[in-house]
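Keep in mind it's a predicted model, so treat the numbers as computed, not measured. Per chain, numbering begins at 1; letters A, B, ... match sequence-line order.
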Protein chains: 2
Amino acid sequence: MQPAEQDVKMRLLQAAKKLFARQGFDGTTIRQICEEADANVALISYYFGGKDKIFQALIETVFSQPLAKDFVSRDLDPVEGLKVLIRELTLFRMREPDLVRLFQQETILNGPRLDVMREHKFPLWIKTRELLEEGRARGLFRFRSLDFTFSFVTGILLDSHGPYFQPLSTEGEQSPERLIEDMTDFILSGLKYEPAT
Amino acid sequence: MQPAEQDVKMRLLQAAKKLFARQGFDGTTIRQICEEADANVALISYYFGGKDKIFQALIETVFSQPLAKDFVSRDLDPVEGLKVLIRELTLFRMREPDLVRLFQQETILNGPRLDVMREHKFPLWIKTRELLEEGRARGLFRFRSLDFTFSFVTGILLDSHGPYFQPLSTEGEQSPERLIEDMTDFILSGLKYEPAT
DNA sequence: GTCTATAAGCCGATAGAC
DNA sequence: GTCTATCGGCTTATAGAC
């Protein structure tokens, strides 16, 4: 694969990510993608084989990079584990807002490609559930339903209303660190965790 | 307005709600809607004036029913107010899953159709923010950032990952009442609320 | 590898018959 | 009020020139 070819393919993938995320799959045309990527209209068919194929290629490039391999494999204390999860996930979400939006859309549309995403991301969520359960067993957390509690935690972690509620915001932009701190605090409090004094 | 006319309009609206929710606005054609409603292709133009218009009409019928009118207008204690909000919103979301999906779709896509929804729902969220702020001022709640805290609360309230995480569920179906109780408990704990003994 | 030109089909919308 | 037939526009995809 030559450099120029690499370059165009990459530009097309980047443009596809951006536009699919912002406008949805159906709301995006290959013409828009090619224009955004400064490439000819025919090159999506040439490099990927069509609109569906470039979407699939996009998903696959995402999962070729490890996201949370170490979080899943490391043997962490429930509290420390949740802290690592909150931090890593929050930073990832701030690094890749378009990707987050893309996932969210697929999740809601419940399309056929959702299974691929499930397969790759579920180890992360299984580990998260295990941390909650272990924390409860050890008396660190207090809650009644694991299913409900898990959904509360993921609701906070994967919140997707940022832009929607933007007009209500009053405090301006804040640092990621403050968000991570406050989120950790809120979740651990919700779990009735009482830090050792 | 004659009965038959009412009937067709209603069937079209119901079909539109179902298909827009499941396939998105761009992924749904007026032909599909009319087929689902057992109506002729031309009737969407005739009754509503076009695809965009039937969407708008759909949103407006939703908001013609009072959802949270009383919640917004009633002068409630912060804690009681949040409890009412959690209950009403949760019950509404269980009654109208398609509508929830529709909102979530549009929220993420951040399209031009979002403004209509914002206009109708924002009084609810403004009131929610006021309750949080008032609760903090009265020493009932403890948190640092109102913006962050508001996003945590809405993340839980508007969680959209139910179907996605379904395969991880272990506790089977549970009653709405239990969900409301647990959610209230988690949120108030996250806000550091300590019930008077 | 890149481009133009064009094919073939679906889209939303509507004029006009009934 | 309902329907058929059709229009113009835009879509994806590709054949073929360079």
Side-chain angles (χ1 to χ4, degrees), chain A residues 1-61 102 105-106 109 111-113, chain B residues 1-61 102 105-106 109 111-117:
Chain A
M1 194 176 288
Q2 275 136 34
E5 185 180 334
Q6 260 283 22
D7 198 44
V8 176
K9 275 185 86 165
M10 197 60 74
R11 264 169 28 225
L12 283 171
L13 280 173
Q14 287 290 107
K17 177 166 75 173
K18 174 175 170 180
L19 293 179
F20 283 151
R22 285 165 165 70
Q23 311 177 346
F25 181 81
D26 293 314
T28 303
T29 70
I30 59 167
R31 285 178 153 77
Q32 288 176 307
I33 296 173
C34 290
E35 189 185 10
E36 174 81 24
D38 259 317
N40 186 271
V41 223
L43 294 185
I44 283 189
S45 282
Y46 179 75
Y47 282 115
F48 300 97
K51 187 184 177 181
D52 288 272
K53 300 287 186 57
I54 195 181
F55 186 90
Q56 198 172 344
L58 182 56
I59 299 296
E60 277 160 15
T61 45
L102 198 61
Q105 286 187 45
E106 278 294 303
L109 276 185
R113 271 174 297 278
Chain B
M1 195 176 290
Q2 276 135 34
E5 184 180 336
Q6 260 282 20
D7 197 44
V8 176
K9 275 185 86 165
M10 199 59 75
R11 268 173 19 230
L12 283 171
L13 281 173
Q14 287 290 108
K17 178 166 73 173
K18 174 176 171 180
L19 292 180
F20 282 151
R22 285 164 165 72
Q23 310 176 344
F25 182 81
D26 293 316
T28 303
T29 71
I30 59 168
R31 286 177 159 79
Q32 286 177 308
I33 296 173
C34 291
E35 188 184 13
E36 173 81 23
D38 259 318
N40 186 271
V41 224
L43 294 186
I44 283 189
S45 282
Y46 179 74
Y47 281 115
F48 300 97
K51 187 183 179 181
D52 288 271
K53 299 286 186 57
I54 195 182
F55 186 92
Q56 199 174 340
L58 181 55
I59 300 297
E60 276 161 15
T61 46
L102 192 62
Q105 280 280 329
E106 293 301 312
L109 279 184
R113 297 172 297 279
L114 194 56
D115 290 330
V116 189
M117 291 165 42

Tell me which nucleotide among D:dA13, D:dT2, C:dA13 gets nearest to the side chain of B:Tyr47.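 Looking only at heavy atoms from C-beta outward on B:Tyr47, the closest nucleotide is D:dT2.
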
Closest contact, heavy atoms only, B:Thr28 versus B:Leu19: OG1-O, 3.1 Å

Please report the closest heavy-atom contact between A:Val8 and A:Ala39, naming both atoms and the distance.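 What the structure gives for the nearest pair is CG1-CB, 4.3 Å.
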
Between D:dT14 and A:Tyr46, is there an OP1 or OP2 to side-chain N/O distance shorter than 4.0 Å?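 Answer no for this pair, as no side-chain N or O of A:Tyr46 is under 4.0 Å from OP1 or OP2.
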
side-chain contact (heavy atoms from CB on, under 4.5 Å) between B:Glu106 and B:Phe55, intermediate numbers included: CA-CA 11 Å; B:Glu106 293 301 312; B:Phe55 186 92; 3.7 Å; yes

Let's see if you get this right: which residues in residues 49-61 of chain A place a heavy atom under 4.0 Å from DNA chain D?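 Only A:Gly50, A:Lys51 qualify.
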
Which pairs, protein N/O on one side and nucleotides 16-18 of chain D N/O on the other, fall under 3.5 Å?
none

Rounded off to whole Å, could you give me the [atom1]-to-[atom2] distance for the [X] and [N] pair?
| X | N | atom1 | atom2 | result |
| --- | --- | --- | --- | --- |
| B:Leu43 | D:dT2 | CG | C1' | 6 Å |
| B:Lys9 | D:dG1 | NZ | P | 10 Å |
| A:Phe48 | C:dG1 | CZ | P | 12 Å |
| B:Ile33 | C:dC11 | CD1 | P | 11 Å |
| B:Glu35 | D:dT4 | CD | P | 13 Å |
| B:Asp7 | D:dT2 | CG | P | 9 Å |

Look at the side chain of [X] and the backbone N and O of [Y], then say whether any donor-acceptor pair between them is shorter than 3.5 Å.
| X | Y | answer |
| --- | --- | --- |
| A:Thr61 | A:Leu58 | yes |
| A:Lys51 | A:Phe25 | yes |
| B:Arg11 | B:Asp38 | yes |
| B:Gln105 | B:Ala21 | no |

Please step through side-chain contact (heavy atoms from CB on, under 4.5 Å) for the pair A:Leu12 and A:Cys34, ending with a clear verdict. CA-CA 7 Å; A:Leu12 283 171; A:Cys34 290; 4.2 Å; yes

Contact list for DNA chain C against residues 12-28 of chain B - heavy-atom distance below 4.0 Å: B:Thr28

For B:Glu36, give me all partners under side-chain hydrogen bond (donor to acceptor under 3.5 Å, both in side chains), at least two apart in sequence or on another chain. B:Lys18

Partners passing ring-ring contact (aromatic ring centres under 6.0 Å, His included) against A:Phe48 (at least two apart in sequence or in another chain):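 Expected list: none.
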
Check this for me: B:Glu60, atom CD, are more than 12 non-hydrogen atoms of other residues, nucleotides or ligands nearer than 6.0 Å? yes

Whether each nucleotide of nucleotides 4-10 of chain C has a protein heavy atom under 4.0 Å at its base (B), only at its sugar-phosphate (S) or at neither (-) is summarised, 5' to 3', as B------

